[in-house]
Q: 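Just dropping this structure here.
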Amino acid sequence: DEIGWYAVHVNANDIAVSGGIPRWFLVTVLLPEAQTDEALVEDIFRQLSEACGQLDVVLCGGHTEVTYGLDRPIVVGQMLGEVAPGKLVRSGGGRPGDDLVLSKGIAIEGTSIIAREKGGELAGRHSADFLARCRNMLHDPGISVLREARLAVESLPSGAIHAMHDPTEGGLATGVWELATASRVGV
């Protein structure tokens, strides 16, 4: 659920960890032929619009179609942004001796997804309040890293941040591995 919200925030994170500010979002929405109705389309575009509004991003174009052979909606986004001269941060800029800083806890997205998708199975083992908190981790503390990335780029001298990465897709271990691989350093 919240596929439109996810698409905007995950793409915005990628711009933010490059030292930029997300500005424009283009989206391709592919909808399943058998399950698409007006309510589904309106819900996805409401999510896209609200998420863009939260981040001050313009939903400026894209493509939407009902597609044969799909069993669920697919949303593909492309976020464009701006970065100040000298503030571009590449994931491959890590250097030996750099400190690794994690701005939030681990397993935020995974915990939320499990609680959302397996809530019925977990209901007998965990309280409703606990499962509600787990589902809400998507929003609180949230998967967005915009605030943290902006703070890092704006508060430190230019060039002090050598590399950043958003671990929402793959988690902490994958994020650290991708940083190290891109930077050609060990961890």
Side-chain angles (χ1 to χ4, degrees), residues 2-27 47-48 50-58 75-118 126 130-187:
E2 298 197 50
I3 191 170
W5 187 92
Y6 262 105
V8 172
H9 282 275
V10 169
N11 276 271
N13 281 352
D14 290 340
I15 298 294
V17 298
S18 295
I21 298 172
R23 296 283 190 212
W24 305 277
F25 189 62
L26 296 109
V27 65
Q47 292 171 32
L48 290 163
E50 287 177 4
C52 284
Q54 290 169 352
L55 302 179
D56 199 24
V57 166
V58 176
V75 176
V76 179
Q78 301 83 35
M79 183 75 69
L80 305 173
E82 295 178 312
V83 62
K87 295 285 188 174
L88 180 65
V89 179
R90 299 184 186 278
S91 59
R95 302 175 186 169
D98 281 355
D99 292 323
L100 273 172
V101 177
L102 179 66
S103 66
K104 294 184 178 179
I106 59 172
I108 293 168
E109 183 179 19
T111 300
S112 180
I113 289 171
I114 291 168
R116 287 165 180 269
E117 293 184 3
K118 302 292 184 181
H126 302 283
F130 175 75
L131 291 174
R133 284 195 329 267
C134 290
R135 283 190 299 275
N136 194 48
M137 288 178 80
L138 180 65
H139 301 285
D140 182 20
I143 63 168
S144 176
V145 297
L146 264 65
R147 188 179 69 77
E148 294 88 344
R150 284 184 187 164
L151 182 63
V153 170
E154 292 172 1
S155 66
L156 296 172
S158 186
I161 303 289
H162 300 144
M164 286 195 285
H165 187 67
D166 169 28
T168 57
E169 296 168 352
L172 179 60
T174 300
V176 170
W177 178 82
E178 288 175 349
L179 274 172
T181 300
S183 300
R184 298 181 181 178
V185 298
V187 177

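Everything quoted here is computed from the prediction, not taken from an experiment.
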Q: How would you list, by chain and number, every residue that makes a salt bridge (charged side-chain N to carboxylate O under 4.0 Å, His left out) with K118, sequence neighbours excluded?
A: E121
Q: I need the full list of salt bridge (Lys or Arg N to Asp or Glu O under 4.0 Å) pairs touching residues 75-100, with sequence neighbours left out, sorted by first then second residue.
A: R23-E82
Q: Quick one: list whatever passes salt bridge (charged side-chain N to carboxylate O under 4.0 Å, His left out) with E109, sequence neighbours left out.
A: none
Q: Any salt bridge (Lys or Arg N to Asp or Glu O under 4.0 Å) pairs touching residues 174-187, not counting sequence neighbours?
A: none
Q: Taking only residues two or more places apart in sequence, or in another chain, which ones meet V176 in a side chain to side chain contact (heavy atoms under 4.5 Å, CB included)?
A: L100, L172, V187
Q: What pairs with S91 under side-chain hydrogen bond (donor to acceptor under 3.5 Å, both in side chains), at least two apart in sequence or on another chain?
A: none
Q: Do S18 and V89 come within less than 4.5 Å of each other through their side chains, counting heavy atoms only?
A: no
Q: Locate the shortest heavy-atom distance separating L48 from F25; write the atom from each residue and the value.
A: CD2-CE2, 3.9 Å
Q: For N13, which residues count as a side-chain hydrogen bond (donor to acceptor under 3.5 Å, both in side chains) partner, sequence neighbours excluded?
A: D166
Q: Name each donor-acceptor pair under 3.5 Å that joins a side chain in residues 142-154 to protein atoms two or more places apart or in another chain, with its distance.
A:
{"residue": "S144", "atom": "OG", "partner": "L146", "partner atom": "N", "Å": "3.4"}

Q: Within a strict 4.5 Å, meaning less than it, do heavy atoms of the L26 and L80 side chains meet?
A: yes
Q: Test: side-chain hydrogen bond (donor to acceptor under 3.5 Å, both in side chains). Region: residues 131-140. Which pairs qualify, not counting sequence neighbours?
A: E2-H139, D129-R133
Q: With E117, which residues qualify under salt bridge (charged side-chain N to carboxylate O under 4.0 Å, His left out), at least two apart?
A: none
Q: Which heavy atom in A115 sits nearest to a heavy atom in L131, and how many Å separate them?
A: CB-O, 4.0 Å
Q: Kindly write out the residues that satisfy side chain to side chain contact (heavy atoms under 4.5 Å, CB included) with A173, not counting sequence neighbours, or none if the list is empty.
A: none
Q: Can you name the closest pair of heavy atoms from G94 and S183 and give their distance?
A: N-OG, 2.8 Å
Q: If every non-hydrogen atom of V185 is compared with every non-hydrogen atom of P96, which pair is closest and at what distance?
A: CG1-CD, 3.8 Å
Q: If you look only at pairs with a residue in residues 151-187, which of them pass as a ring pair (Phe, Tyr, Trp, His ring centres under 6.0 Å), with sequence neighbours excluded?
A: none
Q: Hey, what do you get for CD1 (I21) to CG (L55), rounding to the nearest 0.5 Å?
A: 12.0 Å
Q: Compare every heavy atom of G19 with every heavy atom of M164, then report the nearest pair and how far apart it is.
A: CE-N, 4.2 Å
Q: Can you tell me how far CE of M79 sits from CG of D14, rounded to the nearest 0.5 angstrom?
A: 9.0 Å
Q: Are side-chain heavy atoms of Y6 and N11 found at a separation under 4.5 Å?
A: no
